[in-house]
Amino acid sequence: MRQRDVRTWTILVSYFARVGSDGVVLELFKDMQNKGVVPNQFTLSSVLKCCSSLSELRIGKGVHGWILRNGITLDVVLENSLLDFYVKCKDLGSAKCLFELMEERNSVTWNILIGTHLNTGDVDKAVDMFRKLRIKDVTSWNIIIDGAMRNRFKRIALELLYEMVKHGTFLNEVTFSIALVLAASLLDLELGKQIHAAVFRMGIHVDDFIRNSLIDMYCKCGRMELSLKVLKKMDMDFGRKENSIVEIISWSSIISGFIRNGQFEDAFKTFTSMVRKEIEVDRSIITSIISGCANCGVLELGQQVHALFHKTGHKVDAHLGSSLIDMYAKCGNLDDAQMIFKQTSDRNVVLWTSMISGCAIHGQGREVVQQFESIISEGIKPNEVTFIGVLTACSHAGLIEEGCRYFRLMKEVYGFKPEVEHFTCMVDLYGRVGLLDEAKKFIHENGIHQMSAVWRSLLSSCRLHKDIEMAEWVCEKLLHLEPLDAGPYILLSNICTTKQRWEEAAEVRSLMQSRGVKKNPGQSWIEIKNQVHAFVVGDRSHPRKDEIYAYLDKLIKRLREIGYLSDTKNVMQDVEEEQGEMVLAFHSEKLAAAYGIISTSSQKRIRIMKNLRICNDCHNFMKYTSQLLGREIIVRDIRRFHHFKHGYCSCGEFW
DNA sequence: CTAGGGTTAG
C-alpha cells in the first residue's frame, strides 16, 4: 500500500518537474511530508532541481537536513543533485563541503564543477579540469564549449569544437545548437552554413532550439533573407507553432536582426504586424524595439512603447533597463536615463555600462569616474564595453591621467586586449587637449598605424587645434588607408588651396574623382509630433521652406547683435560643404533648428540629429540661439551630444 | 519516473 503511494507521488512530481511547474512540485513535496509518505531518491532529486531553479536555498537546505535525519541513502545521483543545487544557489561553501565528503564521483560530478568555474568566469580553471577528465562524454564537451563562448573565449570555443569532432565524440543536437550560436557570435556565415547542412542531413533541424539558433545565426550574419526563409520553410513543413515560446523567440531574433542591420522600418513594421496579429510580444522584443528607437533617434515612438509596457504592470529588468537608458541618453534626455537607472533594482555590468556610456556622450567625465569606482566597489566586473565608455568620458572631459590609468587597468588587471575602439579613445584623449605629438607617439608605440580609425581621431584633433601641418600629414596617411573616405581629400585640398599650392589641390581633387569617392552629404533631422523632418544644406524641399528661411534670416540678424560672428575663414572647417557665408548660413542643422523653433511652443527643448559632426559655426550659432531665446537645444552629432543652454555647450568646446 | 549541457533582447 505504502509502496504504491510513493510510486504515485513520484510520477506526479516528475511530471510537474518535467513541464517546469516548480511551484507545484514543492507543494506536492510538502503534502507528502504532511501525509507521512517517505519520498524516494527520484522525488528528492526533482525537488532539489526545483529549488535551484527557484533559488530556494532555504527549502533545499531543509531537504538536505531531512535526508540526513531520515537516514536516506546518499547515492552518487542524489549527491550530485545536492551538489548542483548548492552551486546554482551560489552556496559554494556548502558545495565544497559536500564534494569533499563524496565517496563516489562520476562524470556528472565533474561536469557540475566545470560548469561552476565557467559560471564564475574562471575559464582557465574550467579548461584545466576538463583536460584532466579521463572520460569526456558529449555533455562535458558541450559544457566547456558553451561556457568558453559565453565568457567570450570564442577562439578557444571554436578550437574545442574542432577538437571534439576530431576526437570522434558523437555530436548531439545540443552540440549543434551551441555551435550555431558560436558561428553567429563569430559572424562566421560559412561555418553557420556548414552546420545548417549537417543538421539537415541528420534531420535534427526540426528541433526547436536548432531552428531558432539557425534563424538567429542568419540574422546575426546579416542575412535576413535566409533567416526569413528558414522561418517560413519550417512553418510550411511543420506548421506554425502558434504563440509558442519557439515562435516568439524566432520573431524576437528577426526583429533584433532588422535593427542590427539598420532596417528600422522593417523592424517596426514586423512589430506592429505582430501586435495586430495578436502574437505575444515579450520583453525581449520590446527591448529590441527600444534599442531601435535609440539608434534612429525616434524618441516619441520609444516613449510610447515604454509607456505601454509600464501600463501592463511589468517590471523593468536589466535588459530592458539598459536599452531604455541607452535610448534616453542617445535621444538627449540624460535625466530620464538616470531615472531609469535609479529605478532598476538588478544592476548588472551591462546596465552600468549603458549608464556610463550615456554620461560619457553627454560629457559628464567626473560623474563617470565616480560611477566606475562604485561599480568596482559593488563587486561587478567591468567588461570591454564598460572601458570604452569610461575612456570616452575621460577624453571628452580632458581627464588625461585618469584615462591613462584606466587603460592600464583594463590591460593589466582585467586582462582585456584593447580593440580599435579603446585605442581610438586614447588617441582622442591626447589629441582633444592638444597633445598631438603624444597622440602620434601613442599610435607608434602601440603599433596601431594600420587602424584608420585612430588616424581619423587624430585628424579631428588637428582640426580642433588648427594644426595644419600635422593635419596634412595625417590626411596623406588616410588617403592610403581609407581611399574611399571623402573627408581627408577635401581637407587636404582645402589646406593646399590656403597655402596657394593650387596644383596640388587640383591633384587631390582629381585623385578623389578618379577613385570615385563620394562625399557623405550632411543631413540633419528633427522629430516633431511623431514625424521626422530631414534637411540637407540649402534645402528647399520642405513645405514650410519660406517661413523657415525668413525666420533664419531674422534670427541670424538678432544673433549678430549679441555678438555672433559667422566663422567663414576656417580652413579646418568640417567637411560638410564648400566655404562661403551664404552656404554656411544654411547648414542643415540650422534649418532643422529654425524649423523646430517655429513649429513648437517656446518651452520645448529642440532636439536635432545630424549624420556628421557639427561645424564650428553652427556650434556658435546654437550657443547664441540658446542664449537669445532662452531655449535648450540638443544636437546629437555623429560623435556626441551638444547640450546648449544659456549660451553654453555641455561639450565645453571639446568635440 | 531521478543528477550535468542548448534558442531571443542590452
Side-chain angles (χ1 to χ4, degrees), chain A residues 6-18 39-49 52 75-85 87-88 106-116 118 137-147 149-150 172-182 184 204 207-217 219-220 245-257 259-260 281-292 294 317-327 344 348-355 357 383 385:
Chain A
V6 179
R7 283 183 66 89
T8 317
W9 284 102
T10 307
I11 290 167
L12 271 176
V13 166
S14 65
Y15 168 74
F16 284 110
R18 203 173 52 239
N40 57 16
Q41 270 117 332
F42 301 153
T43 315
L44 292 167
S45 284
S46 299
V47 169
L48 285 167
K49 196 174 181 177
S52 43
D75 64 357
V76 66
V77 174
L78 194 50
E79 281 184 320
N80 280 339
S81 299
L82 278 165
L83 185 66
D84 190 54
F85 152 74
V87 157
K88 292 248 164 71
N106 61 13
S107 66
V108 176
T109 317
W110 294 110
N111 287 345
I112 292 170
L113 292 186
I114 291 173
T116 310
L118 291 166
D137 58 13
V138 208
T139 307
S140 319
W141 286 99
N142 288 346
I143 291 172
I144 193 77
I145 295 172
D146 183 59
M149 173 176 69
R150 272 176 215 289
N172 64 13
E173 56 268 58
V174 178
T175 320
F176 283 106
S177 175
I178 294 168
L180 281 166
V181 178
L182 182 60
I204 55 173
D207 181 288
D208 288 347
F209 283 93
I210 300 269
R211 171 193 132 123
N212 282 338
S213 303
L214 271 172
I215 290 174
D216 194 57
M217 182 273 295
C219 286
K220 292 228 170 87
I245 294 176
V246 195
E247 183 170 55
I248 297 168
I249 293 180
S250 42
W251 282 112
S252 177
S253 288
I254 302 253
I255 288 181
S256 76
I259 287 168
R260 217 191 325 266
V281 172
D282 74 345
R283 54 201 315 141
S284 73
I285 294 175
I286 304 268
T287 305
S288 294
I289 290 293
I290 296 285
S291 103
D317 65 357
H319 273 283
L320 182 56
S322 311
S323 64
L324 283 168
I325 290 170
D326 190 46
M327 175 184 78
T344 313
N348 61 15
V349 215
V350 185
L351 192 86
W352 274 103
T353 302
S354 306
M355 195 64 250
S357 313
N383 63 27
V385 188

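Order of the sequence lines fixes the chain letters, A, B, ..., with proteins taken first and strands second; residue numbering starts at 1 for each chain.
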Q | Step-by-step side-chain hydrogen bond (donor to acceptor under 3.5 Å, both in side chains) determination, A:Ser45 to A:Ser81 | A | CA-CA 6 Å; A:Ser45 284; A:Ser81 299; 3.0 Å; yes

Nearest-Å distance, [atom1] ([X]) to [atom2] ([N])?
{"X": "A:Ile249", "N": "B:dT7", "atom1": "CD1", "atom2": "P", "answer": "9 Å"}
{"X": "A:Asp208", "N": "B:dG6", "atom1": "CG", "atom2": "P", "answer": "16 Å"}
{"X": "A:Ile112", "N": "B:dT2", "atom1": "CD1", "atom2": "P", "answer": "16 Å"}

Which nucleotide in the set [options] lies at the smallest distance from any side-chain heavy atom of [X]?
{"X": "A:Ser288", "options": "B:dT7, B:dA9, B:dC1", "value": "B:dA9"}
{"X": "A:Gln41", "options": "B:dA9, B:dT2, B:dT7", "value": "B:dT2"}
{"X": "A:Asn348", "options": "B:dG10, B:dT8, B:dG6", "value": "B:dG10"}
{"X": "A:Lys49", "options": "B:dT7, B:dA3, B:dA9", "value": "B:dA3"}
{"X": "A:Val108", "options": "B:dC1, B:dA3, B:dG10", "value": "B:dA3"}
{"X": "A:Ser177", "options": "B:dT7, B:dG10, B:dA3", "value": "B:dT7"}
{"X": "A:Ile245", "options": "B:dA3, B:dG10, B:dT7", "value": "B:dT7"}
{"X": "A:Ser46", "options": "B:dG6, B:dT2, B:dC1", "value": "B:dT2"}

Using a heavy-atom cut-off of under 4.0 Å over every strand shown, decide if [X] touches base, sugar-phosphate, or nothing.
{"X": "A:Ile210", "value": "base"}
{"X": "A:Thr139", "value": "base"}
{"X": "A:Ser354", "value": "nothing"}
{"X": "A:Ser252", "value": "base"}
{"X": "A:Asn40", "value": "nothing"}
{"X": "A:Ala318", "value": "base"}
{"X": "A:Val181", "value": "sugar-phosphate"}
{"X": "A:Ser107", "value": "base"}
{"X": "A:Glu79", "value": "nothing"}

Please determine if a side-chain N or O atom of [X] lies less than 4.0 Å away from the OP1 or OP2 oxygen of [N].
{"X": "A:Arg150", "N": "B:dT7", "answer": "yes"}
{"X": "A:Lys88", "N": "B:dA3", "answer": "no"}
{"X": "A:Lys220", "N": "B:dA9", "answer": "yes"}

Q: Not counting sequence neighbours, which residues clear side-chain contact (heavy atoms from CB on, under 4.5 Å) with A:Ser291? List them please.
A: A:Ile259, A:Asn295, A:Ser323

**Q.** Any residue meeting side-chain contact (heavy atoms from CB on, under 4.5 Å) with A:Thr116, in chain and number order, not counting sequence neighbours
**A.** A:Val87, A:Leu92, A:Ile112

Q. Does a side-chain heavy-atom distance below 4.5 Å link A:Asn142 with A:Asn172?
A. yes

**Q.** Considering all heavy atoms, the nearest A:Val181-A:Ser213 contact
**A.** CG2-OG, 4.4 Å

Q | Closest approach of A:Phe176 to A:Ile204 (non-hydrogen atoms, all atoms of both residues) | A | CD1-CD1, 3.6 Å

